[in-house]
Amino acid sequence: MRITAAVARERFGRFTIETLDLAEPRPDELLVRIVASGMCQTDQHGRDGYYDTPLPAVFGHEGAGIVEAVGSGVTKFAPGDHVVISYPWCGTCANCRRHMESHCQNNFDLKMRGTRADGSTLMRDAGGAPVYSAFFQQSSFATHAIANERFAVKVRRDAPLELLGPFACSGQTGAGAVLNSMQPQPGDALAVFGVGAVGLSGLMAARIAGCDPIIAIDIHARRLALARELGATHTIDHNGRADVVAEVRRITGAGVRFSLETSAQAPVFREAVEALMPAGTCVLLGSARAGTEVALDMPFLQFGRVVRGVIQGESHPPAFIPRLVDLLMQGQMPVERMMTFYPLADVNRAAQDSSDGTTIKPVLRMPG
Ligand SMILES: NC(=O)c1ccc[n+]([C@@H]2O[C@H](COP(=O)([O-])OP(=O)(O)OC[C@H]3O[C@@H](n4cnc5c(N)ncnc54)[C@H](O)[C@@H]3O)[C@@H](O)[C@H]2O)c1
Ligand SMILES: [Zn+2]
Ligand SMILES: [Zn+2]
């Protein structure tokens, strides 16, 4: 079928809006009319060649929409269902068998190669040439996407679909890191280093879990102001400050039980570790480029401190995304406060506004 999509044809280049041909869904796939798709750093990193995704490609991995057709073997979805399309996993590797789907040993290829698991692409351009699609097994910067039924999550129909796409990545990454990985107790001190879409999602989850204090650290005053409205008890503007760790200790005494690193900056990651109390845990979410290294003090870590990376909030999407949607509907996860909406045609403006920090979470609305 004919669809409209944002196509990346060259590294660091502009997206072009093109008419493409989308394949029919296979027996285990859904055809989803995308209502809106969040834009995440990973889409731009993908376009810029960080993950060697071949071009031309359609990015987008925070898609939300309505099922339009289902493959012959699909039993759990029907046309009209509202869905969020989450990240893919293989289901058979050692980590998948332990239900650690977000740490699937095959997930890099499934996310980044721009093809289905069998190497096939789903889109062709006007000249008939293949376009790498199936980015995160969805490629949602388009009016329609094909999703494998295993990675689609049915959501309640009374929830505003255009707010739900970012739960597929940044939302469940931040919130899941807190609710699934850290599992704080009320009164635990928590610091969030970097309050973009991921950090703010973590911060809202920390408020739900009853963390206190909740300290937000960033370089954008506007983001810090929003962090305070969303539950931060303290904020620290990192601009020009060399004493962020001392400030965290001044607020907390011993340091924080939990720190969340989302800035992807090595010196900030180090501070997130140094801010920990004994037996505290730092969760690294920020995506640094391959080869980035950090030095840590061995005796400091020896006192029970834990440093670990987390992917996609260690979420099991079919259970966790509906839980986040419920929290949204209860007013506890007001994700719309961080969103700015753009028509698909303005995808380049959305990317620019996201890169320069003007917009926290760009969401692309697809033409009806
Ligand atoms: N682990 C995962 O599974 C996963 C999933 C999604 C995104 N990510 C990564 O998480 C990171 C955050 O994503 P995002 O969408 O929130 O991006 P973002 O760029 O909006 O957020 C990063 C924040 O860090 C702040 N920051 C930059 N330098 C800082 C400094 N010196 N001190 C304090 N704050 C500083 C920025 O101002 C920004 O607010 C990105 O690196 C992204 O690629 C990881
Ligand atoms: Zn796996
Ligand atoms: Zn993402």
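One-based numbering, in listed order, for ligands and for the atoms of each. Predicted, not measured: the structure shown is a model, and the values here were computed from it. Residue numbers start at 1 and run along the sequence shown.
Judged by the shortest distance from any of its heavy atoms, C169 lies inside the 4.0 Å radius around the atoms of ligand 1. Using a non-hydrogen distance threshold of 4.0 Å, G286 registers as a contact of ligand 1.
Taking the centre and axis of the six-membered ring of Y50, the NZ or CZ atom of R289 falls inside the cone set by 45° and 6.0 Å. Taking the ring axis of F77 as reference, the NZ or CZ atom of K154 stays within 45° of it and closer than 6.0 Å to the ring centre. The side-chain tip of R349 does not point at the ring of Y342 from less than 6.0 angstrom away and within 45° of straight on.
With a 4.0 Å cut-off on non-hydrogen atoms, D218 touches ligand 1 through its backbone as well as its side chain. Contacts between T173 and ligand 1, counted as non-hydrogen atom pairs separated by less than 4.0 Å, involve the side chain only. Contact annotation: for L200 versus ligand 1, there are no heavy atoms closer than 4.0 Å.
Given atom 27 (C) of ligand 1, the protein heavy atom at minimum distance is I219 CD1, 3.9 Å. At the shortest separation from atom 1 (N) of ligand 1 among protein heavy atoms lies V310 O, 3.0 Å. Here the heavy atom of the protein found nearest to atom 21 (O) of ligand 1 is G196 CA, 3.6 Å. Of the protein's non-hydrogen atoms, the one nearest atom 19 (O) of ligand 1 is Q41 NE2, 3.4 Å. Protein heavy atom closest to atom 24 (O) of ligand 1, with residue, atom name and distance, is G194 CA, 3.4 Å. In this structure, the protein non-hydrogen atom closest to atom 44 (C) of ligand 1 is L285 O, 3.0 Å. With hydrogens left out, the protein atom closest to atom 35 (C) of ligand 1 is S263 CB, 3.8 Å, a heavy atom.
For I311, no nitrogen or oxygen atom sits less than 3.5 Å from a nitrogen or oxygen atom of ligand 1, counting backbone and side chain alike. Residue-to-ligand polar distances keep V268 apart from ligand 1: every N/O pair is separated by 3.5 Å or more. For ligand 1, one of its N or O atoms has an N or O atom of S287 under 3.5 Å away. Checked by distance only, ligand 1 and T262 stay at 3.5 Å or farther apart across all their nitrogen or oxygen atoms. Ligand 1 has an N or O atom lying under 3.5 Å from an N or O atom of Q312, backbone or side chain. The shortest N or O to N or O distance between R223 and ligand 1 is under 3.5 Å. The shortest N or O to N or O distance between G199 and ligand 1 is not under 3.5 Å. In terms of polar-atom proximity, defined here as any N/O pair under 3.5 Å, V198 does make such a contact with ligand 1.
In this structure, CZ on R365 lies 11.5 Å from CG on D346, to the nearest 0.5 angstrom. To the nearest 0.5 Å, atoms OH (Y51) and CZ (F135) are separated by 7.5 Å. Remark: R207 CZ to L190 CG distance equals 13.0 Å, nearest 0.5 Å. Atom CD of Q137 is separated from atom CG of L122 by 8.0 Å, given to the nearest 0.5 angstrom.
Classification of E29 and R116 as a salt-bridged pair holds, one side-chain N sitting under 4.0 Å from a carboxylate O. For the pair K76 and E149, the salt-bridge criterion is not met [side-chain N within less than 4.0 Å of a carboxylate O]. A salt bridge links R9 with D125: at least one charged nitrogen is closer than 4.0 Å to a carboxylate oxygen. A salt bridge links D81 with R157: the closest approach of a Lys/Arg side-chain nitrogen to an acidic carboxylate oxygen falls below 4.0 angstrom.
Counting atoms of ligand 1 from 1 in the listed order, those under 4.0 Å from a heavy atom of A264 are 41 (O). Heavy-atom proximity to H220, at under 4.0 Å, picks out these atoms of ligand 1: 37 (O).
In terms of modelled atom types and a separation under 3.5 Å, the side chain of R97 and the main chain of T92 share a donor-acceptor contact.
Seen from the Zn ion (ligand 3), atom NE2 of H61 and atom SG of C40 lie 110° apart in angle, a value rounded to 10°. To the nearest 10 degrees, the angle centred on the Zn ion (ligand 2) between SG in C90 and SG in C93 reads 110°.
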Next on the checklist: For a side-chain hydrogen bond (donor to acceptor under 3.5 Å, both in side chains) check, start with the C-alpha distance between S140 and S37, then their side-chain angles and the critical distance, and finish with the verdict.
Outcome noted: CA-CA 6 Å; S140 57; S37 177; 2.8 Å; yes
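Annotation: Q105, atom CD; neighbour count of heavy atoms from other residues, nucleotides and ligands within 6.0 Å is above 12.
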